[in-house]
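See structure below.
Keep in mind that this is a model prediction, so the values were computed, not measured. Quick note: residue numbers are just sequence positions, from 1. When reading the values below, keep in mind they use all heavy atoms of this one structure, side chains included, and skip hydrogens, waters and symmetry mates.
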Amino acid sequence: MLRSLAVFAIVSTLHFLLSVRGLASVLPAAFETQGGAGFWAAPGKSMLVWMSNLLLAPLWFFPAGTEFGFLHVAAVSVLFGLAGAGLLQLWRKRRT
């Protein structure tokens with residue numbers, strides 16, 4: 001039980017931090033990759049933004065009319081944490 005809680009906390013926290021950091025890098029990465037250089041002008045920021053888009057893909061569950069905010073990112077982070085804890089439980093049952 002304690003391991004599941006630890007996995008939930010770690011996965012949720014990492015997801016939230018990476019998503020927020022990726023969202024904060026969207027605009028600077030967009031400006032740095034302009035001018036013909038493309039991806040190679042800022043490969044680190046471009047990959048962070050791409051990863052953030054993948055992590056936040058489950059936001060399509062929310063209605064389109066709602067405003068986007070950190071509460072939505074936190075809800076998706078909780079979903080990822082629950083998925084991680086669930087996978088840990090399934091793996092533990094399979095091993096026994």
State, to 0.1 Å, how close [X] and [Y] come at their nearest heavy-atom pair, and which atoms those are.
X: S77; Y: S12; answer: O-OG, 3.2 Å
X: G22; Y: V49; answer: O-CG2, 3.8 Å
X: V73; Y: S19; answer: CG1-CB, 3.8 Å
X: F70; Y: F16; answer: O-CE1, 3.9 Å

Spacing of M51 atom CE and S25 atom OG [to the nearest 0.5 Å]: 9.5 Å
With rounding to the nearest 0.5 angstrom, report the CG to CG distance, L55 to L17. 11.5 Å
Grouping I, L, V, M, F, W and Y whenever their side-chain heavy atoms are under 4.5 Å apart, do M47 and L54 come out in a common cluster? yes
So if you build clusters from Ile, Leu, Val, Met, Phe, Trp, Tyr with side-chain heavy-atom gaps below 4.5 Å, do V11 and L59 land together? yes
Could you identify which residues cluster with [X], counting Ile, Leu, Val, Met, Phe, Trp and Tyr as linked when any side-chain heavy atoms lie under 4.5 Å apart, either directly or through a chain of such contacts?
X: I10; value: L14
X: L82; value: F8, V78
X: L79; value: none

Determine all donor-acceptor pairs shorter than 3.5 Å in which one atom belongs to a side chain in residues 86-96; sequence neighbours excluded.
residue, atom, partner, partner atom, Å
Q89, NE2, S4, OG, 2.4
T96, OG1, R92, O, 3.4
T96, OG1, K93, O, 3.2

Enumerate the salt bridge (charged side-chain N to carboxylate O under 4.0 Å, His left out) contacts for residues 16-28, please, sequence neighbours excluded, ordered by first and then second residue. none
Contacts of F80 that satisfy ring-ring contact (aromatic ring centres under 6.0 Å, His included) - sequence neighbours left out: H15
